[in-house]
Amino acid sequence: FAMAGETTPLIGAAGGGVPLPKRNVSWWLLAFLILGEIAGQGVFALPLHLGRLGWVLGTATCFVTLFINYCVLLMMYGVHLRYPTIRSQANAAETFFGASGALGVRLVVHLYLFTILAAYLNSLGRTIMNFAYETRVCLPVATAGALVVVFPFAQLRSYKDITAISLLSFAAVVGCITLIMSESSRVPVPANASWSTWPPLGITDTLTSIGGFFFASGGGQCAFFEYLTELDDTTAYPKTLALSTPILFFLYYGTAAIMYARFGDAVPGFLLDVLPFNATRWVGNTLFFFHIIVSFTILNTALLRAYATYSVTDDSPAARRQWASMSAAVLFSAYLLTNVCGLFEDMTAAVGALFVATTVLVIPPAYLLAASAKRETEFLQEIDALKDQHDGQSDPSSPPKFAEGRVFTIKKGVTPAETQTFRSPVTKQKPEMTRRSPPKYAGSGKNHPFGKDRRLGAVSAFVKVSLYALLLFGFVAVPALTWGAVSRLVADARSVAPPFSCGPCVTQQCAIGGDAGL
């Protein structure tokens, strides 16, 4: 779809930005754009995390994390209904919390996007290693090759260049997982594999795997306001969630449950490693490689647009040079990070525990509480202003205002000419101004779940208590999950995968009992 201009996301409220884009993205197409962002590399570590949590806790964690993500996206939508002009995360933070709040949110969101890009680069490197299954390729070399491949795609700046291929990207994920399901049935299960109902390992591994589920299920918050600036009908956004959330659950839990049931705790941390060493390994890794390229481009665009001083639809050489230099800096930094934290499952769990959990459990409820209070205050101020205006016009010396009286019909006869209609003497108009309560959240409107009045005010007492409960849970869960995930990452960095080591051996020789060292 063509756009005259496109918003610059993640800037401050006073930062200006360029004109809003045309709203040409339908709700169902946005659902697949979100699926293209969320679904992907996270699912390839879920069978391992399900095994570390056991059937009961793992199933509950998968359901709860996806349900929380669904609820917090509705919270973000509630913020949009109250303040539809907000165009970015930092714009929202500055509106509700001032400049310091915008700085804090920008820091969290940008670090989240950057670490996700590093995890994507790790996935691309692992995919290249799987392509060369007859010759061992070390992770630093493979990720360097991935940099060369991904750099041209990182030059795409506008969502119009990405949205259409998001459908193909999600189809590639589904095709890759279907291939893994089919081909893995021919792979022998190790004799020492085991299955657990409850978490079989310690608290560190349990917290790490919960962070892994947060990593897989979280998404859609960082670019939420940017997505809605391009949605043709923002009232249809709940339909987007109603379509994408069940798809994610069946994809995530179906993959994790089937693969864990098949391989137990012997399931690999990077699911593509289970493919046999034949043409299917090439096909599966090619599909996954394509998907990660698309996901990388989506989030790279969201990150770099925060710093670009040119419109993303500006095709001038200066605009392209600026974007290329920023892309190079981000990619090189991601290369360093992904080779310092070389294990895919450890990196994704740490990112999920710290950044994804923060953007899911803390930021959205804080936004909605602040938007609710701010909108309620503005509503009451508007009412008071109208009352003051009315009181000022009620001066006894001023002439009274009049309105039309009732209509009377008087008949003098039976013919139409003898019937006359006239108005009674006018009556003095004296409206009564009362201090009304602002409209509540989650009203009875039919068009969307937040009520008929699009300009909403205070949330209900029940919703407010729920928001505070989620915030409290977030303040407890984020440090605990981060401690577990980082502890596991540091321990593995010391003993299993030191920085810039060769990485896991995924060659055919290693699979049949050769050297599996790092």
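Small disclaimer: the values here were computed from a predicted structure and weren't measured.
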Shortest non-hydrogen contact between [X] and [Y], atoms and distance:
{"X": "T507", "Y": "T135", "result": "CG2-C, 3.8 Å"}
{"X": "F296", "Y": "A154", "result": "CE2-CB, 4.4 Å"}
{"X": "T255", "Y": "M181", "result": "CA-CE, 3.2 Å"}
{"X": "G175", "Y": "L287", "result": "C-CD1, 3.9 Å"}
{"X": "V506", "Y": "M129", "result": "CG2-O, 3.7 Å"}
{"X": "L48", "Y": "G269", "result": "CD2-CA, 3.6 Å"}

Answer yes if the side chains of R52 and T208 hold a donor-acceptor pair under 3.5 Å, and no otherwise. no
Just wondering, do [Y] and [X] contact through their side chains at under 4.5 Å, heavy atoms?
{"X": "T206", "Y": "L57", "result": "yes"}
{"X": "L471", "Y": "L369", "result": "yes"}
{"X": "F213", "Y": "L53", "result": "yes"}
{"X": "L251", "Y": "L35", "result": "no"}
{"X": "F277", "Y": "E134", "result": "no"}
{"X": "V150", "Y": "Y120", "result": "no"}
{"X": "V173", "Y": "F290", "result": "no"}
{"X": "F263", "Y": "V187", "result": "yes"}

In Å and rounded to the nearest 0.5 Å, what is the [atom1] to [atom2] distance from [X] to [Y]?
{"X": "Q89", "Y": "M76", "atom1": "CD", "atom2": "CE", "result": "4.5 Å"}
{"X": "T245", "Y": "L66", "atom1": "OG1", "atom2": "CG", "result": "7.5 Å"}
{"X": "T301", "Y": "Q155", "atom1": "OG1", "atom2": "CD", "result": "9.5 Å"}
{"X": "D492", "Y": "S487", "atom1": "CG", "atom2": "OG", "result": "11.0 Å"}
{"X": "R126", "Y": "L272", "atom1": "CZ", "atom2": "CG", "result": "9.0 Å"}
{"X": "L50", "Y": "W195", "atom1": "CG", "atom2": "CH2", "result": "13.0 Å"}

Side chain [X], main chain [Y], donor-acceptor under 3.5 Å:
{"X": "T359", "Y": "F355", "answer": "yes"}
{"X": "T338", "Y": "A118", "answer": "yes"}
{"X": "S372", "Y": "V459", "answer": "yes"}
{"X": "S182", "Y": "L179", "answer": "no"}
{"X": "Y260", "Y": "L46", "answer": "no"}
{"X": "N285", "Y": "R281", "answer": "yes"}
{"X": "T240", "Y": "W27", "answer": "yes"}
{"X": "D265", "Y": "S194", "answer": "yes"}
{"X": "N339", "Y": "Y335", "answer": "yes"}
{"X": "T143", "Y": "P140", "answer": "yes"}

Count the heavy atoms belonging to other residues, nucleotides or ligands that lie under 6.0 Å from [atom1] of [X], then report whether that count exceeds 12.
{"X": "F151", "atom1": "CZ", "value": "yes"}
{"X": "F63", "atom1": "CZ", "value": "no"}
{"X": "W198", "atom1": "CH2", "value": "no"}
{"X": "F153", "atom1": "CZ", "value": "no"}
{"X": "F67", "atom1": "CZ", "value": "no"}

Look at the rings of W28 and F32 and say which category their plane angle falls in: under 30° parallel, 30 to 60° tilted, over 60° perpendicular.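 Plane angle over 60°, so perpendicular.
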Mind checking whether F44 and F270 have parallel, tilted or perpendicular rings, split at 30° and 60°? tilted
Does the pair H49 and F215 meet the rule for a ring pair (Phe, Tyr, Trp, His ring centres under 6.0 Å), with working shown? CA-CA 11 Å; H49 294 312; F215 175 85; 9.1 Å; no
What verdict does the ring pair (Phe, Tyr, Trp, His ring centres under 6.0 Å) test give for Y237 and F224, after you've listed the backbone C-alpha separation in whole Å, the side-chain angles of each residue and the deciding distance to 0.1 Å? CA-CA 11 Å; Y237 182 75; F224 173 86; 5.2 Å; yes
Would you please test I68 and V64 for side-chain contact (heavy atoms from CB on, under 4.5 Å) and show each step? CA-CA 6 Å; I68 289 176; V64 169; 3.7 Å; yes
Determine, step by step, whether H291 and C176 satisfy the side-chain contact (heavy atoms from CB on, under 4.5 Å) criterion, reporting the C-alpha distance in whole Å, the side-chain angles of both residues, the deciding distance to 0.1 Å, and the verdict. CA-CA 10 Å; H291 167 73; C176 184; over 6 Å; no
